[in-house]
Amino acid sequence: MIVDILHMDLQWLRRWLGQRRGGSAGRASGSRDPKPKMTPEAARLDHRQMLRFMALNAAVGVLIGVCVGAALIFLDIGGLGARIGRAVNPVVPVLLVVMPIASLFGAAATASAILMMPYEKKFRDDDDDARGE
C-alpha cells in the first residue's frame, strides 16, 4: 500500500516535470506566447495605481487611529484625559498615546489593502498553464 502511494507521487512528479520542461521548450521554439509583454509605461501606470491605492488605505487607517486616540483622551478612559490635562507639557503625552495607535491602524489598513488588492490579472503565470486554467 505504501509502495502504491509512493508510485502515485512519483508519477505526479514526472508529469509535473514533463509539463515544466515541455512548456519552456515550446516557448523557446517560437510557439505563440499567451503572456503579452508589458510596456514600461503600462508597468509604471500599474505601479502608480497600486501605490495610490495603498497610500489611500494607509491614510484612512491613520485617520481612524488618530480618532481612536483622541477618543481615549477626550472620553477620559482610565483617567488618561485628566492626567494629560494636569501635565506641564501635554503635547508629549498626547503624541505618546496617539502616534502608536495611528501607526498601528495605518499599518493594519495597509496590510489589509495589500491582501485584498483589486488587481486585475493582466498576464498569465506559467503555473496557470500547468493547472489547466
What donor-acceptor contacts under 3.5 angstrom involve side-chain atoms of residues 93-101, with partners at least two apart or in another chain?
none

Under 3.5 Å donor-acceptor pairs involving side-chain atoms of residues 64-91, not counting sequence neighbours:
residue	atom	partner	partner atom	Å
Asp76	OD1	Leu80	N	3.3
Asp76	OD1	Gly81	N	2.9
Asp76	OD1	Ala82	N	3.0

Considering all heavy atoms, the nearest Met54-Thr110 contact | O-OG1, 4.2 Å

Would Asp46 and Met50 satisfy side chain to side chain contact (heavy atoms under 4.5 Å, CB included), going step by step from the backbone distance to the final call?
-> CA-CA 6 Å; Asp46 188 44; Met50 285 190 304; 4.2 Å; yes

